[in-house]
Enquirer: 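I'd like to ask you about the structure that follows.
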Amino acid sequence: MTGAGEGARAGADGRPELLVLRALKLGDLLVAVPALKAIRRHFPEHRLRYAAQGWLAEALDLVGGYELLPTHGLDEPLAVAPGTVDVAINLHGNGPESAGRIEALRARRSIGYQSRHRSGPAWRAELHERERWTHLLDWHGIKADPMDLHLDRPRVPGAAPRAAAVHVGAAYGSRLWPAERFAAVASQLHRAGHQVVFTGGAAEKERASAVARLAGLPDEAVLAGRLGLAEFAATVAEATVVVTADTGAAHLASAYGTPSVVLFGPAPPEIWGPPPGPHIVLTRAELRRGDTFSDLPDPALLAVEVDDVLAAVDRLGVAAA
């Protein structure tokens, strides 16, 4: 049954409340988009809330239909009174911490992977992250398509239409391709006639500026630290090509069908890689150490050379604007 169903708990505004827990980062939100869309379709009468870090609000707006419940990881209980949630869905993981946060809500219905508290499908480590959550929903009778990953276009324009976006940062050192290699790629793209811009968050501005200097490009090309999430998404959506490690920028390129070259280090592309389309993955799986939280670039990433990236851009057939 779709919608509220019998016995649904009404919230303060008269609608039953549904809460999705996925208190992670941008890329984690973006690979969960197919599941979030399926939930929205299946529960049209519910107020939908998404528990994650507050800075993701602009990105969540691009999914449509959800309100953000600011949640900093699993360190603290969710800011929801027990017994007020009608449906609670664990898209965070399968560990005791996330299960505990869901159980503490005392929802009428809880959806998650199999645990000692509830029935559900067995966890399958080999599934792609998009398929992991659509598989969960399918098991619980919620029809979901792992390829339904497209986002709404932002209501704001991008900062550099038809530019080549080079995203030089990453959350962990294990995913940081050397700055001088990014600079060499950017320099060659510029010589081929592309307008090149460097994207990233505020914490990545210094690195992006250093890469721009090495590439001989002006500081005006550095967009890192200057864009809100909606502007960043619009810039990726309007780009001719995106060159990035396995980051939120890669998942935005997937969501908008923007040609991309994605460099993988510690994470396997079989689990986190882009869908079929104008996207090329570069890595050396046999060298992968797999330590996501290392300060040092993974050997699988370091094995990717500048010429590999430039050849991949050529294979995508991306022309300068």
Side-chain angles (χ1 to χ4, degrees), residues 25-34 36-37 40 50 52-68 148-171 182 185-187 189-190 192-209 211-212 215 217-262 274-275 277-279 313 316-321:
K25 295 183 173 65
L26 176 61
D28 303 285
L29 165 62
L30 297 175
V31 294
V33 165
L36 294 173
K37 286 181 157 185
R40 186 180 65 203
Y50 182 84
Q53 297 182 50
W55 63 272
L56 290 171
E58 289 185 10
L60 184 64
D61 286 345
L62 303 177
V63 180
Y66 286 83
E67 302 171 35
L68 187 78
D148 186 14
L149 50 82
H150 301 291
L151 293 172
D152 294 340
R153 283 294 186 108
R155 290 186 290 271
V156 297
R162 302 294 297 163
V166 178
H167 192 83
V168 303
F182 270 124
V185 167
S187 178
L189 290 175
H190 176 69
H194 292 271
Q195 178 191 1
V196 177
V197 295
F198 301 94
T199 58
E204 296 157 342
K205 185 179 188 309
E206 184 176 345
R207 176 176 165 86
S209 295
V211 172
L217 295 175
D219 193 57
E220 289 74 21
V222 178
L223 301 181
R226 292 169 45 193
L227 307 179
L229 263 182
E231 290 176 292
F232 174 43
T235 299
V236 170
E238 297 169 6
T240 56
V241 65
V242 174
V243 178
T244 178
D246 170 29
T247 66
H251 297 295
L252 282 171
S254 295
Y256 292 119
T258 302
S260 64
V261 179
V262 187
H279 315 292
V313 173
L316 288 170
V318 176

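We use all heavy atoms of the structure for the numbers below, so side chains are in, but hydrogens, waters and symmetry mates are not.
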Enquirer: Taking the side chain as every heavy atom from C-beta outward, state whether Leu151 and Leu30 have any pair of such atoms under 4.5 Å apart.
Expert: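 Result yes, sub-4.5 Å side-chain heavy-atom pair found.
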Enquirer: Using a 6.0 Å cut-off, check whether atom CD of Glu206 has over 12 heavy atoms from anything other than its own residue.
Expert: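 Open: at most 12 neighbouring heavy atoms sit under 6.0 Å from CD of Glu206.
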Enquirer: Looking at every non-hydrogen atom in both residues, tell me the closest pair between Ala159 and Leu223 and how far apart they are.
Expert: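 Minimum heavy-atom contact is CB-CD1, 3.8 Å.
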Enquirer: So, the side chain of Ser260 versus the backbone of Val262: is there a donor-acceptor pair under 3.5 Å, distance only?
Expert: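 Side chain of Ser260 to backbone of Val262: no pair is present.
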Enquirer: Between Lys37 (side chain only) and His150 (backbone N and O only), is there a donor and an acceptor less than 3.5 Å apart?
Expert: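 Checking the backbone N and O of His150 against the side chain of Lys37, a donor-acceptor pair under 3.5 Å is found.
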Enquirer: Would you give the length of the straight line joining atom CG of Asp219 to atom NZ of Lys205, rounded to the nearest 0.5 angstrom?
Expert: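 Answer for the CG-NZ pair, Asp219 versus Lys205, is 5.0 Å.
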Enquirer: What distance do Leu149 atom CG and Tyr256 atom OH have between them, rounded to the nearest 0.5 Å?
Expert: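 OH of Tyr256 is found 11.5 Å from CG of Leu149.
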Enquirer: Tell me, do Leu229 and Leu26 make a side-chain contact under 4.5 Å, heavy atoms counted?
Expert: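 Sidechains of Leu26 and Leu229: in contact.
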Enquirer: Taking all non-hydrogen atoms of both residues, which atom of Ala186 and which atom of Val196 are closest, and how far apart?
Expert: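 What the structure gives for the nearest pair is O-CG2, 3.7 Å.
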Enquirer: I'd like to know whether Leu227 forms a side-chain contact (heavy atoms from CB on, under 4.5 Å) with Thr235, so could you lay out the CA-CA distance, the side-chain angles of the two residues, the decisive distance to 0.1 Å, and finally the verdict.
Expert: CA-CA 9 Å; Leu227 307 179; Thr235 299; 3.8 Å; yes
Enquirer: Any side-chain heavy atom of Asp148 sitting closer than 4.5 Å to one from Val33?
Expert: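 Not in contact.
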Enquirer: Please report the shortest heavy-atom distance between Thr199 and Ala165, naming the atom on each side.
Expert: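 That would be CG2-CB, 4.3 Å.
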Enquirer: With a 4.5 Å cut-off on side-chain heavy atoms, are Pro154 and Leu62 touching?
Expert: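 They are in side-chain contact.
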Enquirer: Give the minimum heavy-atom separation between Pro274 and Ser254, together with the two atoms involved.
Expert: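 Looks like CB-OG, 3.4 Å.
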Enquirer: Does the side chain of Leu316 reach to within under 4.5 Å of the side chain of His279, using non-hydrogen atoms?
Expert: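 Counting from C-beta outward, Leu316 and His279 never come under 4.5 Å.
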Enquirer: Within this structure, what is the CG-CG distance for the pair Leu60 and Leu56, rounded to the nearest 0.5 Å?
Expert: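 So the gap between those two atoms works out to 8.0 Å.
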Enquirer: Are the side chain of Arg40 and the backbone N or O of Val63 linked by a donor-acceptor pair below 3.5 Å?
Expert: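 Looks like yes, one N/O pair under 3.5 Å.
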Enquirer: Mind checking whether Tyr50 and Leu29 have side chains closer than 4.5 Å, heavy atoms only?
Expert: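 Tyr50 reaches Leu29 side chain to side chain.
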Enquirer: Where is the tightest heavy-atom contact between His194 and Val318, given as atom of each residue plus distance?
Expert: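 The pair with the smallest heavy-atom distance is CE1-CG1, 3.8 Å.
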Enquirer: Give a yes or no on whether the backbone of Glu238 and the side-chain of Arg162 come within a donor-acceptor separation of less than 3.5 Å.
Expert: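 Checking the backbone N and O of Glu238 against the side chain of Arg162, no donor-acceptor pair under 3.5 Å is found.
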Enquirer: Are the side chain of Glu231 and the backbone of Gly158 linked by a donor-acceptor contact shorter than 3.5 Å?
Expert: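 Checked: no pair found.
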Enquirer: Is there a side-chain contact between Val31 and His251 (heavy atoms, below 4.5 Å)?
Expert: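 Yes, side chains in contact.
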Enquirer: Does Thr240 reach the main-chain N or O of Ala320 with its side chain, forming a donor-acceptor pair under 3.5 Å?
Expert: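 Not confirmed, Thr240 side chain does not pair with Ala320 backbone.
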Enquirer: Judged by atom type as modelled, is there a donor-acceptor pair below 3.5 Å linking the side chain of Glu204 to the main-chain atoms of Ala170?
Expert: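 Side chain of Glu204 to backbone of Ala170, a donor-acceptor pair under 3.5 Å: yes, one is there.
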Enquirer: Can you tell which of Phe198, Phe232, Phe182 makes a side chain to side chain contact (heavy atoms under 4.5 Å, CB included) with His167?
Expert: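 The single option meeting the side chain to side chain contact (heavy atoms under 4.5 Å, CB included) with His167 is Phe232.
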Enquirer: Closest heavy-atom contact between Gln195 and Ala160?
Expert: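 Taking every non-hydrogen atom into account, NE2-CB, 3.9 Å.
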Enquirer: Determine, stepwise, if the pair Val242 / Val261 fulfils side-chain contact (heavy atoms from CB on, under 4.5 Å).
Expert: CA-CA 6 Å; Val242 174; Val261 179; over 6 Å; no
Enquirer: Does any non-hydrogen side-chain atom of Val241 lie less than 4.5 Å from one of Thr258?
Expert: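 Side chain of Thr258 against side chain of Val241, heavy atoms only: no contact under 4.5 Å found.
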